[in-house]
Amino acid sequence: MNKVVHISRDDVSGGAGRCALRLHLGLRELGVDSRMLVARRRGSGDRVEQFRPPEDRLSRWRRALRRRRIEKEKQRYANQRSPGVEGLSDDRSPYGSDVVKAVNDATLVHLHWTSGLVDVSEFLGALPAAVPVVWTLHDMNPFTGGCHYAYACDGFTRGCGSCPQLGSGEPTDWSSRIFARKRSIFETLSPDRLIVAAPSEWLAREARRSALFGRFTVEVIPYGIDTEAFAPRDMD
């Protein structure tokens with residue numbers, strides 16, 4: 001039997017987490033062996049599990065080192081970032097490839113909004129080649145140099161750098177380094193290994209324009225809803 005594992009930072013916090021949870025629970029109602037792995041479990045959904053990283057001394061030391069490296073790079077641009085825009089999200093996480101070990105029974109992995117949980121390069125590099133990946137886009141971050149909405153910038157079609165949201169004029173700034181790491185791992189994947197799902201035509205078009213996802217299949221799949229809760233009603 002196929003085993004689907006959805007990975008999301010949250011289950012009921014934020015729109016992306018709730019969308020992922022609805023899909024997971026809907027699949028279970030259809031008889032699919034589905035479970036959900038999250039960084040922060042706040043709800044009570046069936047087979048929603050909170051990720052528990054290894055707690056041995058070496059693992060804790062490695063996480064602390066990774067966390068410091070990510071935070072150091074983030075803080076470098078803290079005082080020059082454009083006001084009023086959401087900060088960039090790094091492609092790395094403190095957990096390295098540990099998340100892969102928590103989904104080792106999956107026959108299909110479905111990524112959602114995973115910043116801070118999934119280390120893109122470490123995760124995709126360690127996931128067995130036979131396991132296909134679906135990535136549902138909840139914003140632009142998976143195919144940019146870290147921003148969640150690019151505004152008028154089209155750097156994600158080339159390789160980012162000189163990021164206006166960082167207030168940077170450096171071609172090899174933080175956004176460029178994030179983009180380069182993503183490009184390196186995505187280039188190792190065969191075109192049929194990753195399917196990208198976008199909830200809107202606009203987001204699908206942007207994903208196809210990107211230098212990261214342009215070679216993969218991008219499908220428009222609107223968010224699902226609970227048709228028992230949202231259905232025509234007699235107004236009388």
Side-chain angles (χ1 to χ4, degrees), residues 1-71 89-139 141-142 146 178 181-182 184-186 188-190 193-197 216:
M1 178 182 288
N2 289 331
K3 295 184 178 182
V4 179
V5 179
H6 304 268
I7 304 179
S8 172
R9 193 175 74 175
D10 300 285
D11 55 348
V12 296
S13 250
R18 290 193 291 271
C19 288
L21 179 63
R22 283 201 300 266
L23 178 58
H24 159 64
L25 296 178
L27 287 174
R28 288 196 60 75
E29 288 183 7
L30 293 172
V32 176
D33 186 351
S34 175
R35 68 184 177 96
M36 189 171 175
L37 185 70
V38 299
R40 300 179 298 197
R41 187 174 190 263
R42 299 289 186 266
S44 57
D46 183 32
R47 293 211 68 191
V48 178
E49 304 164 9
Q50 183 162 322
F51 172 63
R52 305 289 184 186
E55 291 298 336
D56 60 278
R57 182 177 297 179
L58 179 59
S59 294
R60 292 199 306 269
W61 178 82
R62 285 174 173 165
R63 285 199 301 275
L65 182 61
R66 291 188 188 107
R67 192 174 287 111
R68 282 197 297 269
R69 286 173 176 167
I70 295 169
E71 189 62 24
S89 290
D90 205 282
D91 58 304
R92 298 166 294 178
S93 90
Y95 306 114
S97 61
D98 287 337
V99 177
V100 173
K101 300 168 188 175
V103 299
N104 58 10
D105 62 337
T107 58
L108 184 145
V109 167
H110 193 155
L111 300 176
H112 293 271
W113 207 94
T114 62
S115 295
L117 174 59
V118 169
D119 184 302
V120 177
S121 296
E122 294 278 353
F123 182 86
L124 293 176
L127 193 68
V131 179
V133 178
V134 175
W135 199 329
T136 289
L137 304 177
H138 299 281
D139 58 25
N141 177 265
I178 291 173
R181 286 192 295 267
K182 289 180 179 179
S184 291
I185 189 61
F186 286 132
T188 69
L189 305 181
S190 62
R193 175 83 188 284
L194 173 67
I195 301 293
V196 179
F216 298 106

Arg68: which residues meet the salt bridge (Lys or Arg N to Asp or Glu O under 4.0 Å) condition with it, sequence neighbours left out? none
Can you tell me how far apart CZ (Arg67) and CZ (Arg92) are? Round to the nearest 0.5 Å. 13.0 Å
Rounded to the nearest 0.5 Å, what separates atom CZ in Arg9 from atom OG in Ser89? 7.5 Å
According to side-chain hydrogen bond (donor to acceptor under 3.5 Å, both in side chains), does anything in residues 113-124 pair up with another residue at least two apart or in another chain? List the pairs. Trp113-Asp139
Identify the heavy atoms of Val120 and Phe186 that sit nearest to each other, and give their distance. CG1-CZ, 4.3 Å
Is the backbone of Glu55 close enough, under 3.5 Å, to the side chain of Arg60 for a donor and an acceptor to pair up by distance? yes
Identify the heavy atoms of Arg63 and Pro53 that sit nearest to each other, and give their distance. NH1-CB, 3.4 Å
Could you tell me which residues satisfy side chain to side chain contact (heavy atoms under 4.5 Å, CB included) with Leu27, sequence neighbours excluded, listed by chain and number? His6, Leu23, Val32, Ser34
To the nearest 0.5 angstrom, please state how far the CD1 atom of Ile7 sits from the OG1 atom of Thr136. 12.5 Å
Under the side chain to side chain contact (heavy atoms under 4.5 Å, CB included) rule, collect the residues that match up with Asp10, sequence neighbours excluded. Ser13, Arg40
Under the ring-ring contact (aromatic ring centres under 6.0 Å, His included) test, residues paired with Phe123 that sit two or more places apart: none
Does any non-hydrogen side-chain atom of Leu137 lie less than 4.5 Å from one of Pro142? yes
So, using side-chain hydrogen bond (donor to acceptor under 3.5 Å, both in side chains) as the criterion, who are the partners of Arg181 when residues are at least two apart? Asp90, Asp91
Using every non-hydrogen atom in the two residues, find where Asp11 and Val48 come nearest and quote the distance to one decimal. OD2-CG1, 3.8 Å
Grab the two heavy atoms, one from Gly17 and one from Met36, that are nearest each other, plus how far apart they are. O-CE, 3.9 Å
Could you measure the distance from the OG1 atom of Thr107 to the CG atom of Asn2? Nearest 0.5 Å is fine. 4.0 Å
Taking every non-hydrogen atom, the tightest pair across Trp135 and His112: NE1-O, 3.2 Å
Identify, with sequence neighbours excluded, every residue that meets ring-ring contact (aromatic ring centres under 6.0 Å, His included) alongside Phe216. none
Point-to-point distance, once rounded to the nearest 0.5 Å, from NZ of Lys182 to CG of Leu124: 11.0 Å
Atom pair CG/CD1 of Asn141 and Ile178 - distance to nearest 0.5 Å: 8.0 Å
Those residues that, when tested against Leu58, pass side chain to side chain contact (heavy atoms under 4.5 Å, CB included) (two or more places apart): Asp56, Trp61, Arg62
By side-chain hydrogen bond (donor to acceptor under 3.5 Å, both in side chains), which residues pair with Glu71, not counting sequence neighbours? Gln75
For Arg47, side-chain hydrogen bond (donor to acceptor under 3.5 Å, both in side chains) partners two or more places apart: Asp33
For Lys3 and Asp105 the tightest heavy-atom approach is CD-O, 3.5 Å
Listed by chain and number, what are the side-chain hydrogen bond (donor to acceptor under 3.5 Å, both in side chains) partners of Asp98, not counting sequence neighbours? Lys101
Is any side-chain heavy atom of Val133 closer than 4.5 Å to a side-chain heavy atom of Leu111? yes
Sequence-distant partners of Ser190, side chain to side chain contact (heavy atoms under 4.5 Å, CB included), two or more places apart: Asp192, Arg193
